[in-house]
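Below is one structure, written out as structure tokens, with a few remarks after it.
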Amino acid sequence: MTGFPSKEDAQKIAEQTLDDYGNYVNDGMARLYRFMGLDGIEWENSGAVVKDIYGKEYIDCAGYGVFIHGHRHPKVVAAVKEQLDRVALSNRTLPSKPVTVLARLLAEITPGRLQYSFFCNSGTEAMEGALKLARVYSGRKEFVSTLGGFHGKSFGALSASGRELYREPFYPLVPGFNHVPYGDLQAMEQAVNQETAAVILEPIQGEGGVLFPPEDYLQGVRDICNDQGALLIMDEIQSGLGRTGKLFACQHWGVEPDILCLSKALGGGVVPLGAFVATPEVFEPFNTNPYLHSSTFGGNPLACAAGCAAIKALLEEGLVERAARLGDYMMDRLQALKEKYPRVIAAVRGRGLLVGVEFVNDGAGGCMISNLLDMGVIVLHSLNNHKVIRIMPPAVISDEMLDRALTAFADSVAMVDQVIEQL
Ligand code: PLP
């Protein structure tokens, strides 16, 4: 713990930080922070709580889906500190142990015959590697992904993503990507053929607005891929590692991918870490030529120590089961709120601690985010669906704190309802 500066010093630090954002990081972001009144910079986080430099507390129900373990989980922090005292970044000449321990753990917990892991530092890198592996394994050049899907913003991942707003300014993207409506098996069947290297799919679309496919969809896509000899790449960068109340969201439907992409929670909310995990057959080209795809920092000891501790903590502390239980409770309360305020809330969707609330009106989401910030609760917009805000608390949040967050949410919905009445 670092403690807090005096109010006067805090003001100076905060003003300097926002000025520096504007001058050296990103002026648009600086303006957005100021517009939202977010001038108390992030100072000290722990568990489900984020504190700003003035000591104001926020319950973190956002964190872009990273913090299923909460902030600075003690077991993850301890593992990273211990690793830091021996080898921080690998020299990469001698074999490194942490990467093997993490890869073995992933082989044990991931579904089906997924076995070989390649480690990187973010979600989009995991997707890039998975796309390259699918091409080199299959000798095919085409991909099918879904409208509204989000897979990252580097060129390959952006080519797979399904929202024009983020794609169009960067044309031409990687050729050979075809997008079909999410949940539409017929469209998928028409799009996948013997030129298709892989289908890229989120089992639940996160940035698309927490969208669930029809019950038979994932198995249907699996069957189509099998029929056409195409691979199935599951993007569980957001939904993976307990977030939806199972270790992996594809397990809700019993469907096994050929390549699984992970990131966000994999580093335990302490160190950035991404990975794709593939079956031995599919990974074969990278086994044959280990330098075909590489990353200087991918699989570094600090990140892998964090990853091992993160997985162990999930399992030892029953965080996946807790995510399922808290998620059911949240859904009950939010459904009741939807019944009470039908002119504000259009739909509530969720599994575990990945929950989306869709609003009837366009502006309601932004208004809710702002109200809730004032009340000390952080929720999240959806990049590909502005009518939906996501509530994604950590599984370590206490029952009492979750109640507080949901009560603030209910108060905020009531305020929006009042505004609508006066229109
Ligand atoms: N895939 C999904 C499903 C995501 O939700 C995200 C990020 O939100 C990504 C990929 C990209 O991850 P990153 O921002 O770490 O590149």
Side-chain angles (χ1 to χ4, degrees), residues 26 29 60-68 118-132 134 143 145-163 165-167 170 173-174 177 179 182-183 198-213 218 232-244 248-250 252 257 259-277 295 297-298 303 306-307 310 349-356 378-386 388-392:
N26 189 304
M29 277 311 294
D60 188 359
C61 296
Y64 289 87
V66 169
F67 299 103
I68 193 79
F118 180 96
F119 294 101
C120 51
N121 310 289
S122 66
T124 201
E125 280 174 82
M127 186 48 64
E128 291 297 322
L131 295 173
K132 285 176 69 184
F143 293 97
S145 56
T146 58
L147 294 168
F150 185 76
H151 305 287
K153 289 185 177 160
S154 51
F155 265 100
L158 185 60
S159 306
S161 293
R163 191 174 182 207
L165 178 71
Y166 301 115
R167 293 161 48 84
F170 303 102
L173 299 178
V174 178
F177 281 81
H179 297 82
Y182 185 65
V199 170
I200 302 114
L201 205 60
E202 290 166 88
I204 300 165
Q205 276 193 349
E207 302 295 338
V210 190
L211 294 181
F212 288 79
L218 289 196
L232 177 57
I233 299 175
M234 208 69 94
D235 179 345
E236 294 236 25
I237 288 163
Q238 183 164 152
S239 60
L241 295 159
R243 173 56 60 187
T244 69
F248 302 98
C250 61
H252 289 290
I259 305 177
L260 178 70
C261 293
L262 300 172
S263 187
K264 294 200 187 272
L266 187 57
V270 174
V271 183
L273 178 57
F276 59 89
V277 193
S295 157
F297 292 128
R349 297 180 289 269
R351 278 256 163 102
L353 297 173
L354 175 55
V355 171
I378 308 176
V379 295
L380 191 61
H381 63 285
S382 303
L383 268 184
N384 289 352
N385 189 342
H386 63 277
V388 177
I389 62 176
R390 284 171 293 165
I391 312 177
M392 302 177 75

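Residues take their numbers from the sequence shown, with the count starting at 1. We count ligands from 1, going down the list as the structure has it; atoms in each ligand are counted the same way. On a predicted model such as this, the values are computed, not experimentally measured, just so you know.
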- Message: Tell me whether Tyr166 at atom OH has more than 12 heavy atoms from other residues, nucleotides or ligands lying less than 6.0 Å away.
- Response: yes
For ligand 1, indicate whether the residue [X] contacts it via side chain, backbone, both or neither (heavy-atom separation under 4.0 Å).
X: Ile237; value: side chain
X: Lys153; value: neither
X: Glu202; value: side chain
X: Glu207; value: side chain

- Task: Could you say whether the N/O atoms of Ser263 and ligand 1 ever approach to under 3.5 Å?
- Result: no
- How are the rings of Phe143 and Phe177 set relative to one another: parallel (under 30°), tilted (30 to 60°) or perpendicular (over 60°)?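 The rings of Phe143 and Phe177 lie parallel, inter-plane angle below 30°.
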- Message: Tell me whether the rings of Phe170 and Phe155 are parallel (<30°), tilted (30 to 60°) or perpendicular (>60°).
- Response: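 Ring orientation, 0 to 90° scale: perpendicular.
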What protein heavy atom sits nearest [atom], and how far away is it?
atom: atom 2 (C) of ligand 1; answer: Phe150 O, 3.3 Å
atom: atom 7 (C) of ligand 1; answer: Lys264 NZ, 3.2 Å
atom: atom 16 (O) of ligand 1; answer: Thr124 N, 2.8 Å
atom: atom 11 (C) of ligand 1; answer: Gly152 CA, 3.7 Å

Any donor and acceptor pair, going by atom type alone, linking the side chain of [X] with main-chain N or O of [Y] inside 3.5 Å?
X: Lys153; Y: Thr124; value: no
X: Arg167; Y: Gly162; value: no
X: Glu236; Y: Cys250; value: yes

- Message: Evaluate Glu207 against Gln238 for side chain to side chain contact (heavy atoms under 4.5 Å, CB included), listing each step before the verdict.
- Response: CA-CA 9 Å; Glu207 302 295 338; Gln238 183 164 152; 3.4 Å; yes
- To the nearest 0.5 angstrom, please state how far the CG atom of Leu201 sits from the OG1 atom of Thr146.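 Result: 5.5 Å between the selected atoms.
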- Query: Would you say the side-chain atoms of His151 and Ser161 include a donor-acceptor pair closer than 3.5 Å?
  - Reply: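 No, no side-chain donor-acceptor contact under 3.5 Å.
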- Message: If the contact criterion is a heavy-atom separation under 4.0 Å, does His151 count as touching ligand 1?
- Response: yes
Contact atoms of ligand 1, heavy-atom distance to [X] under 4.0 Å:
X: Gly123; result: 12 (O), 13 (P), 15 (O), 16 (O)
X: Gln238; result: 5 (O)
X: Asp235; result: 1 (N), 2 (C), 3 (C), 10 (C)

